[in-house]
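Here is the structure we will look at, set down as structure tokens.
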Amino acid sequence: MTGANYGSFIVRKKELLLDNVLQVGQSFRWVYNESSQEYVTTMKISGQYHVVLLKQVELNQDDESDLKNTIVQYATLGDTCDSKSLESHLMDYFRMDVSVENLYNKYWLPNDVRFKAHYPTGNRMLAQEPWETLVSFICSSNNNISRITKMCHELCRNFGTELKPEIDRDDTGSSHYTFPSSDDIVNKATEDKLRELGFGYRAKYIMETAKLLVEQKKANDFTDDSEYLLSVKDSSSYIELREHLMGYTGVGPKVADCVCLMGFRHDDVVPVDVHISRIAKRDYKFQVNKKSMENLRKQYASYPVTKKKINLELDLIRVMFVKKWGKYAGWAQGILFSNEIGKSSGATTNGDVKKRQLELDIQVKEETVENSDKIKRKK
DNA sequence: CTGCTACCTGCGCT
DNA sequence: AAGCGCAGGTAGC
């Protein structure tokens, strides 16, 4: 650990494994440093950004039982945050109030024999910042994890603010940036610039979403994107929140549900993508029930955006899984997804998730020049 | 309303 | 070795 004042907490391996949680398409901005075996990102902690370092080490390595403990060490670069605040922030971020093993024994295994094959291996849902979650998942549409990751970093590097902790830098010598606010994006970015940076058609989605957020914050007297979005959440049911989220360009039901689950702690929400849809039909013999479909249709009649964007069949799959898995159905989905698909997606064919090194600027710059040429030729 | 397509890009595979 | 297909979808007809 680079920080002089680091703290730590003990956690069971089956409850939290950083390699499983931070690198499998839930959060896109943690960078793994191979030589120090640490994860690094920037996080907003009570209004202030810090460079956060995490390292997980196994305790009692000869213990082969599933009670195996690990120690998670944490610090901020330059000790910009006291360890008490940092620890409570991390407890919150990792949702340590929830025991996956309890959920497994109480809700999932008794109601679904398929979960015999999905004993907890350290996967859990995070409580991420709503604004960052929204933008990240706008980037995720029809895309792969490694490019989504690259895009999130480009967003920070180009439109965020560089953090320069006074004391030592970490040994990668790399820079750290805040995640840009909607104002940052509106003021500094353009659709063309984003396209040059490799965002493709999502460039437009991001610009329009940021513009709308700026307006909404202004109209409702907020300065912080996540605080505004949280205020929407606090005065909304899940259906209303999803309706609001789908009001942003590039946000359909799948992206909105990811934001509800991973950004707003709607633990029972199951984002239905192609994989979950396939699993529902193949493994759970899902079939459309006309009557429940009509009921949903009626329920959504007064939600114009939902009515327009929702796919009732996929939404019925979501409802089926909530009934089966209970109030933490979203967590069940996360574990099932990552066990069945995560291994092969955004990863090499041998099933290893590639640990991400920070990719530096030289290569990126060359690509940017090529791309802008291509774009100009097209027009 | 359900059912198509087009859409950017980069990486793995042939 | 150039080319195809795909990646946790969404918008627009």
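Side chains included, hydrogens not; waters and symmetry mates left out as well; all remaining heavy atoms used. All values derive from a computational prediction rather than experimental measurement. Numbered from 1 within each chain, the chains take letters A, B, ... in sequence-line order.
Under 4.0 angstrom from either OP1 or OP2 of B:dC8 there lies at least one side-chain N or O belonging to A:Arg195. Taking only side-chain nitrogens and oxygens, A:Lys254 never comes nearer than 4.0 Å to OP1 or OP2 of C:dT10. Look at A:Lys308 and you won't find any side-chain N or O under 4.0 angstrom from OP1 or OP2 of B:dC1.
One finds no salt bridge joining A:Lys291 and A:Glu294 here, because no Lys/Arg side-chain nitrogen approaches an Asp/Glu carboxylate oxygen to under 4.0 Å. A salt bridge is defined here as a Lys NZ or Arg NE, NH1 or NH2 lying under 4.0 Å from an Asp or Glu carboxylate O, and A:Lys211 with A:Glu215 fails to meet this definition. A:Arg318 and A:Asp315 are joined by a salt bridge, as a carboxylate oxygen and a charged side-chain nitrogen come within less than 4.0 angstrom of each other.
When heavy atoms are screened at a 4.0 angstrom cut-off, A:Gly25 is found touching base atoms of the nucleic acid. The residue A:Gln26 sits apart from the nucleic acid: no heavy atom pair falls under 4.0 Å. Among the atoms of the strands shown, base atoms are found under 4.0 Å from some heavy atom of A:Arg202. Nucleic acid contact class of A:Val274 (heavy atoms, under 4.0 Å, all strands): sugar-phosphate only. Within the 4.0 angstrom heavy-atom criterion, no nucleotide atom of any strand lies near A:Met151.
To the nearest angstrom, P of B:dC1 lies 16 Å from CD of A:Glu313. The distance from atom CD of A:Glu196 to atom P of B:dG10 is 13 Å, rounded to the nearest whole Å.
Checked options A:Thr178, A:Thr76, A:Thr80; the residue passing with A:Tyr49 is A:Thr178 (criterion: side-chain contact (heavy atoms from CB on, under 4.5 Å)).
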